[in-house]
*Asks:* 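Starting off with a structure, shown below.
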Amino acid sequence: MEIFAFVLLAVLAIATALGMILNKNTVNSALMLVLNLVSIAGLYLLLQAQFLALIQVLVYAGAIMVLFLFVIMLLNVDEEESLLNKFRVKYIIAFLLAVVIFGQILFSLGGVTEMLPEISEEMIRIGTVEAIAEVLYTDYLFAFQMTAILLTAAVVGALMLAQFKAPDEKTEEEA
Amino acid sequence: MVEIDWYLALSAILFTIGIVGVLIRRNAIVVFMCVELMLNAVNLSLISFSAYHGDVSGQILVLFSLSVAAAEAVIGLAIIIAIFRNNLSVDIMKVNLLRW
């Protein structure tokens, strides 16, 4: 049952990821990414990380992707005529580079899996809100506070960037 | 349970798809979404390591990575809007002021 769920979610995740990068329409790409994020949230559930699965759906698939869709609709971007029209050499190089990086990741992860400790069934169940909060608000309290400062800085920075006016825009207002 | 190798392989595949997307797409927003995909692939491997070690620290790290991703999305989209105002396009091939 668990293997079946894993295969289903994994195939869904890979298919939607491919659909995202191969889709000409930007809105469709964004919706594919939402599906991808939801299937990864399902994988988190399989790994007993209930809290993070919830946060993944709320923050990523909810808030961040809505922001993306808003920007896409705000900018009213045209569809790209074709993905593979020119620079064919570039795509070949990109593919080769991706294969090399994929090999590197597999190579570096391959040695790690043999060093896993023996753990009991109870130790796997660590993803509850209670367990995460207990560590987050004791050992990682400082980092947690820094996150608050980071988010505040991001909001202020985004406002500053979005308020920026191009020179010609300014002269139009003055005229 | 499913072996951890499968989760790591899935994470590597998703990360590689994200890299291919960053390299071949010309729309800045899609490139940005591919970066989000790569962040998610890393999060998946962090959570699988956390689960198979029985240690909650990996999940805490994912929580921080999520908040950094949120901040990054806000700033990145603001930059894309600023670029669009100047160029009237989000094609990254047209952003070439610093190119030699």
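Quick note on labels: first sequence line is chain A, next is B, and so on, each numbered from 1.
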*Asks:* If you measure from CD1 on Ile24(B) to CD1 on Ile93(A), what distance do you get to the nearest 0.5 Å?
*Replies:* 13.5 Å
*Asks:* In the structure I gave you, are the side-chain heavy atoms of Leu37(A) and Asn40(B) within less than 4.5 Å of one another anywhere?
*Replies:* yes
*Asks:* Decide yes or no for Leu52(A) and Leu66(B): does some side-chain heavy atom of the first lie under 4.5 Å from some side-chain heavy atom of the second?
*Replies:* yes
*Asks:* Hey, does Ile60(B) have a side-chain heavy atom less than 4.5 Å from the side chain of Ile132(A)?
*Replies:*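 Sidechains of Ile60(B) and Ile132(A): in contact.
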*Asks:* On the 0 to 90° scale, with breaks at 30° and 60°, tag the Phe6(A)-Tyr7(B) ring pair as parallel, tilted or perpendicular.
*Replies:* perpendicular
*Asks:* Do Leu23(B) and Tyr91(A) come close enough that some side-chain heavy atom pair is under 4.5 Å?
*Replies:*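 Leu23(B) does not reach Tyr91(A) side chain to side chain.
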*Asks:* Are Leu136(A) and Phe64(B) packed together at the side-chain level, in the sense that at least one heavy-atom pair is separated by less than 4.5 angstrom?
*Replies:* yes
*Asks:* Where on Leu33(A) is there a heavy atom nearer than 4.5 Å to chain B: the side chain, the backbone, both, or neither?
*Replies:* side chain
*Asks:* Check ring pair (Phe, Tyr, Trp, His ring centres under 6.0 Å) between Phe142(A) and all other residues, then give those that pass, not counting sequence neighbours.
*Replies:*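 By the ring pair (Phe, Tyr, Trp, His ring centres under 6.0 Å) rule, Phe142(A) matches no residue at all.
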*Asks:* Between Ile55(A), Leu67(A), Ile3(A), Val59(A), which residue shows the highest count of heavy-atom pairs closer than 4.5 Å to chain B?
*Replies:* Leu67(A)
*Asks:* Considering residues at least two apart in sequence or located in another chain, which fulfil the ring pair (Phe, Tyr, Trp, His ring centres under 6.0 Å) criterion with Phe70(A)?
*Replies:*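 If we apply the ring pair (Phe, Tyr, Trp, His ring centres under 6.0 Å) test to Phe70(A), skipping adjacent residues, there are no hits.
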*Asks:* Using a 6.0 Å cut-off, check whether atom CG of Leu96(A) has over 12 heavy atoms from anything other than its own residue.
*Replies:*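 More than 12 heavy atoms, drawn from other residues, nucleotides or ligands, come within 6.0 Å of this atom.
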*Asks:* With chain B as the partner, which of Val155(A), Val99(A), Leu74(A), Ile101(A) has the greatest number of non-hydrogen pairs under 4.5 Å?
*Replies:* Ile101(A)
*Asks:* Among Val20(B), Ile81(B), Ile80(B), Leu14(B), single out the residue with the greatest number of heavy-atom pairs under 4.5 Å to chain A.
*Replies:* Leu14(B)
*Asks:* Where on Ala30(A) is there a heavy atom nearer than 4.5 Å to chain B: the side chain, the backbone, both, or neither?
*Replies:* both
*Asks:* What do you reckon, is CD of Glu130(A) surrounded by more than 12 foreign heavy atoms closer than 6.0 Å?
*Replies:*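 No, not enclosed.
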